[in-house]
Structures are given as structure tokens and as C-alpha cells.
**Student:** 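For reference, the structure I am asking about is given below.
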2 protein chains.
Amino acid sequence: MFELDMRSRKPIYEQLVEKIKELIMNEVLKADEQLPSVRALATELTINPNTIQKAYRELESQGFIYSIKGKGSFVNPNNQTRDIEKIQSVKKDLEKLVLEALYLGIPAQEIIKLVQDLDASKGGGESHD
Amino acid sequence: MFELDMRSRKPIYEQLVEKIKELIMNEVLKADEQLPSVRALATELTINPNTIQKAYRELESQGFIYSIKGKGSFVNPNNQTRDIEKIQSVKKDLEKLVLEALYLGIPAQEIIKLVQDLDASKGGGESHD
DNA sequence: AAACTGTATTATGAATAATAGTACAGTTAA
DNA sequence: TTAACTGTACTATTATTCATAATACAGTTT
């Protein structure tokens with residue numbers, strides 16, 4: 001499903017959260033699709049089930065998945081969240097990162113193109129290719 | 001000089017790195033300007049000198065400051081770095097964050113405006129106002 | 001020489017991350 | 001009902017990281 005960097009200073013459960021968020025946002029994992037069970041993913045990745053659960057709990061609290069006891073964990077549809085705090089937080093992070101990118105000499109035009117491309121591939125994802 | 005959130009899960013030295021980077025990128029701290037000494041800043045913020053030094057070391061490795069033994073730590077000019085790895089890393093982070101922002105429903109247009117505004121305030125910083 | 005600077009080292013306590021093991025509750029299918 | 005799944009919760013243990021404390025040393029400035 002994906003690879004983890006066991007040597008990274010970034011905790012495994014955080015890496016898991018990132019990777020799964022990406023899969024959801026890129027619609028590799030589709031709405032209401034079932035995720036691997038805690039134990040199955042733990043076995044596949046050779047890590048502890050508790051670590052998977054910690055990641056799933058975080059994903060649930062961020063609104064990306066929902067879990068039903070006895071059934072499994074599933075991708076949350078419509079994450080067009082009205083969570084204002086979350087949006088403010090992302091905007092702030094974005095501001096920091098864009099500022100740094102510009103400071104490092106990355107042209108504004110290049111960043112804008114990045115945004116446009118991502119936006120296009122997102123909206124245009126409905127078509128069959 | 002700034003405030004730290006001692007209750008945050010984010011390490012103090014990382015908060016320091018972020019804050020100082022912002023001050024440098026926003027040209028509050030100007031090229032070759034001297035930073036507070038390790039001990040002075042530690043006293044001012046009521047934290048351990050080792051923590052300050054850890055932050056300064058990180059800032060130096062990221063190319064934002066340079067330190068001279070016996071003299072002090074100073075803001076590095078021309079951080080128009082040719083450090084390709086750093087640039088690639090920032091681009092990747094940017095991609096992740098923009099994707100998340102779009103996914104949360106923030107309009108591409110709003111992100112683009114953010115980039116343009118930051119770029120303008122950066123390039124226009126040369127004038128006297 | 002005195003008072004600054006950065007830098008390095010060792011030790012200690014607290015918090016976090018990851019593991020291991022066990023247990024319980026809800027679902028599904030035989 | 002039973003068996004095999006699911007998520008969830010809890011305790012305990014180990015390793016790592018964070019922050020502190022206390023020194024120490026080297027270079028600079030006055």
C-alpha cells in the first residue's frame with residue numbers, strides 16, 4: 001500500500017497519517033471505501049497494531065475517515081469541512097511555506113502554476129481517462 | 001522578541017527556528033544583523049541556553065544565519081540558495097499543503113492571491129514607506 | 001584581565017513513540 | 001451459537017527525544 005521510513009525522525013503514525021491523507025485526497029481511496037483493518041495493515045507493514053490505530057484515530061479526528069466498531073474504517077466523503085479552525089490553520093501554514101519558497105528564489109509564477117495544476121487535476125478527476 | 005507556547009507539543013527549539021525564519025524572511029531582521037547571543041536570548045525567554053543553541057545550529061544548517069565564535073550569530077544575506085535538495089523539499093511540502101487546502105474547499109483563486117500578495121510585499125520591500 | 005561571544009560535553013528528569021500482550025464489544029457468516 | 005473478523009481500550013516496557021543543569025574551552029573585544 002505504501003512505504004514507511006523507519007529511520008526518519010518523523011513518527012511512524014504521522015507518516016501513516018500523511019500517506020493515507022494523500023491517497024484520499026488524490027482519490028486513490030474513494031469515498032466510503034474500506035481501509036485495511038488495523039490488524040491487517042499492521043501485519044502488512046510489520047509494525048504494531050497500536051501504531052496503526054493511533055494513525056486511524058488521528059485521521060478520524062481530522063475528518064478524513066470514519067470508523068464503525070465491528071465493521072471497519074472507511075473514507076469520509078464530503079470533507080468540504082466547515083471546520084473554521086482547521087481552515088485557518090492550513091491557511092497559516094500555507095502562508096509560511098509560500099513565504100519560504102519565495103525567499104528561496106522559487107518564482108511566484110511557478111507556485112501559481114502548481115496551484116492551478118493541482119486544482120485542475122482535482123476538478124477534472126471526474127472524467128474517465 | 002517573540003513568544004513561545006510552552007504547552008505546545010511542538011518542541012521549543014522548533015518554534016524558535018520557525019519564528020526566527022519568519023523574522024528574517026520578513027526582513028525584520030536584516031542581512032548581517034546580529035542576533036541576540038545564545039545566553040541573552042535564553043535569559044530573555046527564560047529557557048535553557050542549550051535550547052537556543054540547538055535552534056541556532058538548525059538555522060545555520062538551513063542557511064538562514066551564520067555564527068562566528070567569539071563574535072556572535074548573524075543573519076545570512078543572499079539565501080537565494082542553490083541548495084537543490086532544500087528547494088525540492090519545499091516544493092514537495094508545498095504540493096502537499098496546496099492539495100490539502102484545495103481538498104478542504106479553499107478556492108484556488110484565494111491561494112493564488114495569497115502567493116501574489118506575499119510576492120508583492122517581498123519584492124516591494126525595497127522602497128521606503 | 002574581564003566580560004563578552006559560540007561551542008561541546010555529560011548527566012538527569014520528563015514526555016513521547018513504538019512495542020507487546022491482553023481484553024472487551026460489535027458485526028458477519030457458517 | 002460459534003468462529004473469525006472488526007474497532008477500541010488498557011497496562012507495562014523500552015528507546016528516543018526534549019529540555020534542563022552545570023561545566024568547560026576557545027575566540028573576540030575593550
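So you know, we letter chains A, B, ... as the sequences are listed, proteins then strands, and number each from 1. From a predicted model like this one, the values you see are computed outputs, not experimental measurements.
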**Student:** With respect to the phosphate group of dG7(D), does any side-chain polar atom (N or O) of Ser67(A) fall under 4.0 Å of OP1 or OP2?
**Tutor:**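 For dG7(D), OP1/OP2 do not have a side-chain N/O of Ser67(A) under 4.0 Å.
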**Student:** With a 4.5 Å limit on heavy-atom distance, are the side chains of Phe64(B) and Glu100(A) in contact?
**Tutor:**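 In contact.
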**Student:** Any Lys/Arg nitrogen of Glu3(B) or Lys19(B) sitting under 4.0 Å from an Asp/Glu carboxylate oxygen of the other?
**Tutor:**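 Salt bridge absent between Glu3(B) and Lys19(B).
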**Student:** Any N/O pairs under 3.5 Å between the protein and nucleotides 25-30 of chain C? List them or say none.
**Tutor:**
unit_1  : atom_1 : unit_2   : atom_2 : d
dG26(C) : N2     : Gly70(A) : O      : 3.4
dT27(C) : O4'    : Gly70(A) : O      : 3.3
dT28(C) : OP1    : Lys71(A) : NZ     : 3.3

**Student:** Answer yes or no: is there a donor N or O on one side and an acceptor on the other, between the side chain of Lys30(B) and the main chain of Glu27(B), under 3.5 Å?
**Tutor:**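 Indeed, once roles are kept as given, a pair shorter than 3.5 Å links the two residues.
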**Student:** Taking side-chain contact (heavy atoms from CB on, under 4.5 Å) as the definition, give me every residue that meets it alongside Gln34(A), ordered by chain and number, with sequence neighbours left out.
**Tutor:**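 For Gln34(A) the side-chain contact (heavy atoms from CB on, under 4.5 Å) partners, ignoring immediate neighbours, are Phe74(A).
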**Student:** Strictly by modelled atom types, are Asp32(A) and Tyr66(A) linked by a side-chain donor-acceptor pair under 3.5 Å?
**Tutor:**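 Indeed, the side chains of Asp32(A) and Tyr66(A) share at least one donor-acceptor pair under 3.5 Å.
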**Student:** Using a cut-off of strictly less than 4.0 Å between a heavy atom of the residue and any atom of DNA chain C, enumerate the qualifying residues of residues 46-60 of chain A by number.
**Tutor:**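 Under 4.0 Å from DNA chain C: Ile47(A), Asn48(A), Asn50(A), Thr51(A), Lys54(A).
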**Student:** Taking only N and O in the side chain of Ser73(A), is any of them less than 4.0 Å away from OP1 or OP2 of dG7(D)?
**Tutor:**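 Yes.
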**Student:** State which residues pass side-chain contact (heavy atoms from CB on, under 4.5 Å) with Asp117(A); sequence neighbours excluded, sorted by chain then number.
**Tutor:**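 So Asp117(A) forms a side-chain contact (heavy atoms from CB on, under 4.5 Å) with Lys113(A).
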**Student:** Among residues two or more places apart or on two chains, list those pairs meeting salt bridge (charged side-chain N to carboxylate O under 4.0 Å, His left out) that have a residue in residues 39-61 of chain A.
**Tutor:** none
**Student:** Between Leu16(A) and Leu45(A), is any pair of side-chain heavy atoms under 4.5 Å apart?
**Tutor:** yes
**Student:** Please list residues of residues 8-21 of chain B whose heavy atoms come under 4.0 Å from any atom in DNA chain D, ordered by number; otherwise none.
**Tutor:**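 Pro11(B), Ile12(B), Tyr13(B) - these, ordered by number, are the residues of the stretch whose heavy atoms sit under 4.0 Å from the strand.
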